[in-house]
Every structure is written in structure tokens, then in C-alpha cells.
Q: 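Structure incoming, see below.
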Amino acid sequence: MAFAHSLSDPTDLDGLRRFLKAEDKESRLLPLEMLRVEISTDAHLHLGHAAAEVLAIAGKSGPASIIVLTDTSSIMRGDQNLSALVQSQLKTHNVVAVALDGGHATLHADEPTLDAAAEAVKGADLIVTIGSGTMTDVGKMAATRNGGIPQIVVQTAASVDGFTDNVSVILRSGVK
């Protein structure tokens, strides 16, 4: 697939979809399922609106059951905990924060962690994951294992593509 020009606005998902459709003559690409990309220094302040949008599409009105998945590391935004900031944006809903451990110094997307995440989000209307690509992948698997619960990702590392792709990198028998 040759790209005739560079795309300069990663938030223009409709434009990106049109471009990919025009370039993908053999229909080999999977659909781009993201609803929105928010890029700003205060993106977390848009979470309440994003949650309302996702929940409305899912047919949920009124207070929803939202699970905020994180690992056990404290992610700070200045002197404030990012998880607390995110939860404050969702205060009109029933929010439960779940910090996954997995028994390692850093979170691994292994079967015990995936099982714990899937159990934690059972019955939720929405999952919000905060963290790295691994945390995002754990959230994607938990959502899939529970019938496709909608997920919002609060990205904390710009070095991976796990926030935007349709697959998850998981560990099986110690191998990714």
C-alpha cells in the first residue's frame, strides 16, 4: 500500500477512514473502530463527555457501572494522581477503581492477570484503562472476554501502538 501523502491530523478519524478505504483496494485492513482521539495537555478533562458518548452509543442512559483499570504504579500528573483525576471526571457514575498486580514488579499481560481483569470488569457498562500499552492490552482482553464492553484508554506512554490497534500482545507460557 503506497501512501500518496502524509496524514497530519491523527484526530480526524473520518478522514483517516476515507483515506484507508481508498488505498486498501483488496480490503485487507480491519475497520478502524475508534470513536475519537483526544490529544491535549488536559485530555483527561474530556473523559466525562467521552464516557457519555460511548455509553449513549451502547444504549446506556443514567448512571453507569464504570471500572477504572490500572496497575499498582502511581501515575502522577504534576502533584496529582492521574487515576483520581480520571475518577473525578466520572463522578456522576458508579466508579470502581481496580489496581491489578499480577505478582511482578511491573504488570504482565499473562493469563492470571487477564483472568483477574476479566473478573473485575464483569457486569460493567464501560472500562477505562489508565497506563501503558500493556495496561491497554489487558483492558482489551477483559472487554473481549466479557462480550465487548466499551473501553476508553487514558494513554500514559506515547511509544507504542497498543492504544490504537485491534490486537493485544499477551504472554502465553512466558512468550509474547
Side-chain angles (χ1 to χ4, degrees), residues 1-71 75 77 82-83 85-87 89-90 92-93 95 107 109 114 117-118 121-171 176:
M1 180 179 309
F3 292 101
H5 59 49
S6 67
L7 299 171
S8 60
D9 183 1
T11 66
D12 180 10
L13 297 180
D14 288 335
L16 181 56
R17 285 183 185 96
R18 285 189 303 274
F19 177 79
L20 292 172
K21 184 178 180 179
E23 292 293 321
D24 186 23
K25 305 294 187 215
E26 294 90 23
S27 299
R28 296 183 318 177
L29 298 176
L30 292 173
L32 182 59
E33 296 178 344
M34 292 186 303
L35 295 176
R36 180 168 19 140
V37 173
E38 187 73 41
I39 301 173
S40 68
T41 57
D42 63 351
H44 67 286
L45 297 177
H46 301 271
L47 195 57
H49 178 72
E53 181 181 5
V54 169
L55 290 165
I57 290 169
K60 176 69 178 174
S61 61
S65 171
I66 300 176
I67 304 297
V68 176
L69 284 179
T70 65
D71 61 18
I75 301 170
R77 187 173 191 286
L82 182 58
S83 181
L85 290 170
V86 164
Q87 291 175 61
Q89 295 299 308
L90 303 169
T92 61
H93 300 283
V95 178
L107 189 70
L114 298 175
V121 304
K122 261 187 190 161
D125 298 307
L126 176 64
I127 301 168
V128 176
T129 55
I130 304 171
S132 66
T134 297
M135 192 67 246
T136 300
D137 288 345
V138 168
K140 284 191 263 185
M141 292 299 296
T144 298
R145 289 183 178 187
N146 282 282
I149 300 170
Q151 180 183 17
I152 294 176
V153 175
V154 179
Q155 174 180 332
T156 61
S159 59
V160 297
D161 65 356
F163 307 109
T164 58
D165 62 32
N166 292 354
V167 298
S168 297
V169 178
I170 60 171
L171 291 170
K176 286 189 175 189

Q: So which heavy atom on Val138 is nearest to which on Leu114, and how close?
A: CA-CD2, 3.9 Å
Q: Just distance, no hydrogens or angles: give the donor-acceptor pairs under 3.5 Å from side chains in residues 48-65, sequence neighbours left out.
A:
{"from": "Glu53", "atom 1": "OE1", "to": "Arg36", "atom 2": "NE", "distance (Å)": "3.3"}
{"from": "Glu53", "atom 1": "OE1", "to": "Arg36", "atom 2": "NH2", "distance (Å)": "2.7"}

Q: Taking the side chain as every heavy atom from C-beta outward, state whether Met135 and Ile130 have any atom pair closer than 4.5 Å.
A: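 No, side chains not in contact.
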Q: For Thr11, enumerate each residue passing the side-chain contact (heavy atoms from CB on, under 4.5 Å) test, keeping only those at least two apart in sequence or located in another chain.
A: Asp9, Val37, Ile39
Q: Calculate, to the nearest 0.5 Å, the distance between atoms CD and NE2 belonging to Gln89 and His46 respectively.
A: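 So the gap between those two atoms works out to 9.0 Å.
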Q: Do Thr129 and Gln151 have side-chain atoms, one donor and one acceptor, less than 3.5 Å apart?
A: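 The criterion, which ignores hydrogens and geometry beyond distance, is satisfied for Gln151 and Thr129.
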Q: Could you tell me which residues satisfy salt bridge (charged side-chain N to carboxylate O under 4.0 Å, His left out) with Lys122, sequence neighbours excluded, listed by chain and number?
A: Glu119
Q: Over all heavy atoms of both residues, which pair between Leu32 and Leu16 is shortest? Give the atoms and the distance, please.
A: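 Reported closest heavy-atom pair: CD2-CD2, 3.7 Å.
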Q: Please report the closest heavy-atom contact between Ile67 and Ala124, naming both atoms and the distance.
A: CG1-CB, 3.6 Å
Q: Within the side chain of Asp24, is there an N or O that forms a donor-acceptor pair under 3.5 Å with the backbone of Leu20?
A: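 Not at all, since once roles are kept as given, no pair shorter than 3.5 Å links the two residues.
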Q: Just jot down the side-chain contact (heavy atoms from CB on, under 4.5 Å) partners of Gln87, sequence neighbours excluded, or say none.
A: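 Testing Gln87 for side-chain contact (heavy atoms from CB on, under 4.5 Å), a comparison that skips the adjacent residues, returns Val68, Ser83, Val95, Ala97.
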Q: Roughly how far, to the nearest 0.5 Å, is OG1 of Thr134 from CG of Asp71?
A: 9.0 Å
Q: If I take atom CD1 from residue Ile152 and atom CD1 from residue Ile66, how far apart are they, to the nearest 0.5 angstrom?
A: 7.0 Å
Q: How would you list, by chain and number, every residue that makes a side-chain contact (heavy atoms from CB on, under 4.5 Å) with Leu30, sequence neighbours excluded?
A: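 Here the qualifying residues are Asn166.
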Q: Determine, stepwise, if the pair Ile75 / Thr70 fulfils side chain to side chain contact (heavy atoms under 4.5 Å, CB included).
A: CA-CA 9 Å; Ile75 301 170; Thr70 65; over 6 Å; no
Q: Quick check for you: to the nearest 0.5 Å, what is the distance between Leu47 atom CG and Asp42 atom CG?
A: 12.0 Å
Q: Mind checking what makes salt bridge (charged side-chain N to carboxylate O under 4.0 Å, His left out) contact with Asp14, not counting sequence neighbours?
A: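 Once residues adjacent in sequence are excluded, the partners of Asp14 under the salt bridge (charged side-chain N to carboxylate O under 4.0 Å, His left out) criterion are Arg17.
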